[in-house]
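For reference, the structure discussed in these notes is given below.
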Amino acid sequence: REVCFDQAAVFIEDALQYRSINHRMDARSVWLYRLYYSNACQWILSFTIFLILFLAFIETPSSLTSTADVRYRSAPWNPPCGLTESVEMLCLLVFVADVSVKSYLVGWAQFRTNLWLLAYLAVLVVSLMDWIVSLSLVCQEPLRIRRLFRPFFLMQNSSMMKKTLKCIRSSLPEMARWALGAGHPVCSQQGDGQDRERLIYFRNLPEALTSLLVLLTTANNPDVMTPAYSKNRAYAIFFIVFTLIGSLFLMNLLTAIIYNRFRGYLMKSFQTSLFRRRLGARAAYEVLSSVTAEGQAHPQEVGVKPQDFLQVLQKVQLDSSHKQAIMEVLGPPLPHAPPACASGLCLEPPPRPEYPSPFLQRAQFLFSHRYFDYLGNFIALGNLVSISVFLVVDADMLPEDRDDFVLGILNCVFILYYLLELLLKVFALGLPGYLAYPSNVFDGLLTIVLLVLEISTLAVYRFPHPGWYPEVLGLLSLWDMARLVNVLIVFRFLRIIPSMKVRGPLSRLASLLSCSPPRLPAVVYYVFAIMGINLFRGVIVAPPGNGSLAPDNSSVPCGSFEQLEYWANNFDDFAAALITLWNVMVVNNWQVFLDAYRRYSGPWSKIYFVSWWLVSSVIWVNLFLALILEVCEIPAGAASAPWTSSPRFHRDVLEEPAEEELMEKLSHHPHLQLCR
């Protein structure tokens, strides 16, 4: 009986978290499963993933310098051999325990067919072998292969990333065909033209391909066309036709290809998550009904006893206020209904405080009404507008000429209102009810930080008065502290996003991204940064004189890496590599990076930067655009499914699984045995 209660609790937790129920269900496995998915174990796993990724900033080559500019950068502190390796070994041991528990819980049959678990095991084996090699060479090895595999630990822990990778993989054949089509106009090198043009942009076939590829992003337009156009007007036709075909047709064709693959992807994910939730709920119901049916003449008509369900509810990992809400909603038992908390109807806010006075009751109603939130949004908008006006007015003034009297007074008034709003909401909702809303937690933290900064400002510079002079006292001047306050106020204005109506596509997109932040860009950034360090570390060297390249920059071509003083854009450490990749991704002047690294490291460096451009500026942008289009086409009812913390599925949007389909799936469960 206790085993069946534990099984039902696990099934309910699986339903709440949209997890698969295909795992071992014996008493020992259920105990291990609940321990593994406990908040403490999952926090340890998440922290371990963060720690092993963060090591890239500290281990050799270290990013612990004040600047990345090779002209002014001091020698970084590099940890002694064995320090970061010890931390890394602890992280790898946690991952070994993680894959061991997962493999045991799903069983040997599923483990052999689960590609993610097999890849997890292979990555750990390679990482451990490479770690042993590092120590045997006293940390002097030229290449650490295991650093390239670290983002895998982040990917395998995110179901959303696995689905996104699956979508990209299905789009690769069509994107390859697009690349072949895009390569045809790029390879159409112009054979005639001015000598200067050929020497600069079309010196040979690789240079011509590079120039036209950059033109595809319009980063070198009209520079690449100007020499030929200056000789003859007709040469402009070539560049205009190329731009029309490449930038306007082929790039938009790629968007259509990716969207065609991505279309319906989110709704399919919603449907899959709904099926998992209903399957978990049904499994819990079947287990509990099997307990009730023991010794009954007609077990199929018995259902679930309320006391059994409440006993299971106490075992479920759920907030106490939510459990209390379930008990209140449960009411009279419904024998043939699945548990209420697994159907998405249980996550209600904590009960509000009760006040005996009619005046306090009316005040509570007023300050808990949504119109009070609208008033707060309007005040935040007014605060943002006032800051913008003063920034525009003071844009051309030196700090010593600014008078921050009015802005200082306005900041005091607005911060006092934010504090009053916080106290009134706590009065109306109660402290548990106030903290139950993430938007209130966000507002409250910013309000406290703003209040501390404002009190510090008043303590140091006293109350605002005409001619308030931003004299530097300590680390920050008055103007610096005022700007910090203003930045936080701008962040506080983001409170309007959660309060936007779910009917709007923007709010649905914001809800989706806030509840499932995109991790794939971070993974690819990490991999390309490590590759860049291994390929280009140390190729950018400081010019003679440890200053500008020369007394004047006339000794280098205009617009070159040296003339623009891009010395901080290098791959000498992990942090510098991330910034360099960001600057290339923006594609503004990215031809400067292509030319510089070709000269400093060789022509094959272009493969690295072009690959990064394809992944970041082409695939990512189009994936994000496809996501926006898909979200805009999702009916409003699906906006809260199932990426939010309180999913409510609408039958007019998602198709409810049939009972026969659920029972068929349960009948093929590899480890479920009903306690009859």
Side-chain angles (χ1 to χ4, degrees), residues 50-80 83-84 139-144 147-148 150-151 219 475 480 487 521-550 553 555-602 604-613 615-617 620:
F50 164 79
L51 184 60
I52 198 170
L53 294 176
F54 185 76
L55 285 178
F57 291 97
I58 302 175
E59 58 191 4
T60 306
S62 173
S63 302
L64 302 179
T65 55
S66 59
T67 179
D69 196 316
V70 296
R71 298 171 297 176
Y72 315 119
R73 184 181 60 204
S74 59
W77 174 84
N78 289 315
L83 179 60
T84 57
C139 306
Q140 298 298 321
E141 74 280 13
L143 176 64
R144 295 186 179 184
R147 299 180 70 181
L148 291 172
R150 287 176 183 173
L475 295 177
D480 292 329
V487 168
V523 169
V524 184
Y525 253 103
Y526 197 100
V527 172
F528 269 85
I530 296 298
M531 291 174 58
I533 292 173
N534 293 327
L535 293 173
F536 308 118
R537 179 188 174 191
V539 301
I540 303 296
V541 295
N546 197 28
S548 184
L549 179 67
N553 281 343
S555 59
V556 294
C558 181
S560 64
F561 187 90
E562 295 83 2
Q563 190 269 333
L564 295 172
E565 298 188 351
Y566 280 5
W567 301 105
N569 294 281
N570 55 68
F571 291 89
D572 291 350
D573 58 72
F574 187 73
L578 294 178
I579 301 301
T580 304
L581 290 175
W582 171 265
N583 291 333
V584 175
M585 185 188 73
V586 177
V587 302
N588 184 32
N589 275 353
W590 75 298
Q591 71 275 12
V592 176
F593 295 89
L594 289 173
D595 175 70
Y597 281 90
R598 176 192 62 81
R599 290 186 284 108
Y600 283 108
S601 61
W604 295 106
S605 62
K606 293 181 180 179
I607 298 177
Y608 172 84
F609 288 101
V610 172
S611 301
W612 170 246
W613 167 74
V615 172
S616 60
S617 298
W620 282 357

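Index from 1, following the sequence.
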>> Could you go through Tyr597 and Tyr608, starting from their C-alpha distance and side-chain angles, then the distance that decides it, and tell me whether this counts as ring-ring contact (aromatic ring centres under 6.0 Å, His included)?
In response: CA-CA 10 Å; Tyr597 281 90; Tyr608 172 84; 8.4 Å; no
> So do the side chains of Arg73 and Asp572 get within less than 4.5 Å of each other, counting heavy atoms only?
Replying inline: yes
>> Counting C-beta onward and ignoring hydrogens, is there a side-chain heavy-atom pair between Ser62 and Asp573 closer than 4.5 Å?
In response: no
>> Quick check on ring pair (Phe, Tyr, Trp, His ring centres under 6.0 Å): which of Phe574, Trp612, Trp620 does Phe528 satisfy it with?
In response: Trp612
> Taking it one step at a time, do Phe536 and Phe593 satisfy ring-ring contact (aromatic ring centres under 6.0 Å, His included)?
Replying inline: CA-CA 12 Å; Phe536 308 118; Phe593 295 89; over 10 Å; no
>> Minimum heavy-atom separation for Val70 and Asn570, please, with both atom names.
In response: CG1-ND2, 3.6 Å
>> How about CH2 on Trp77, more than 12 heavy atoms from neighbouring residues, nucleotides or ligands closer than 6.0 Å, or not?
In response: yes
>> Does the plane of the ring in Phe54 sit parallel, tilted or perpendicular to the ring in Phe57? Use 30° and 60° as the thresholds.
In response: tilted
> At their closest point, which heavy atom of Ala568 faces which heavy atom of Thr580, and how far apart are they?
Replying inline: O-OG1, 4.5 Å
> Taking atom OG1 of Thr65 and atom OH of Tyr72, what is their separation to the nearest 0.5 Å?
Replying inline: 14.5 Å
>> Run Ser605 and Arg599 through side chain to side chain contact (heavy atoms under 4.5 Å, CB included) and show every step you take.
In response: CA-CA 9 Å; Ser605 62; Arg599 290 186 284 108; over 6 Å; no
>> Using 0.5 Å steps for rounding, measure from the CG atom of Leu143 to the CG atom of Leu148.
In response: 7.0 Å
>> Can you tell me how far apart CZ (Arg150) and CG (Leu51) are? Round to the nearest 0.5 Å.
In response: 9.5 Å
>> Please determine whether side chain to side chain contact (heavy atoms under 4.5 Å, CB included) holds for the pair Leu594 and Phe561, giving the CA-CA distance in whole Å, both sets of side-chain angles, and the decisive distance to 0.1 Å.
In response: CA-CA 10 Å; Leu594 289 173; Phe561 187 90; over 6 Å; no
> Which heavy-atom pair separates Arg147 from Pro61 by the least distance, and what is that distance?
Replying inline: NH1-CD, 4.1 Å
> Do you see a donor-acceptor pair shorter than 3.5 Å between the side chains of Tyr566 and Asn583?
Replying inline: no
>> With rounding to the nearest 0.5 angstrom, report the OG to CD1 distance, Ser601 to Ile540.
In response: 7.5 Å
>> Using 0.5 Å steps for rounding, measure from the OG atom of Ser617 to the CE atom of Met585.
In response: 6.0 Å
> What is the minimum heavy-atom distance between Gly559 and Val592, and which atoms define it?
Replying inline: O-CG2, 3.4 Å
> Looking at CZ of Phe571 and CD1 of Ile530, how far apart are the two atoms once the value is rounded to the nearest 0.5 Å?
Replying inline: 11.5 Å
>> Are the side chains of Glu562 and Pro543 in contact, using a 4.5 Å heavy-atom criterion?
In response: no
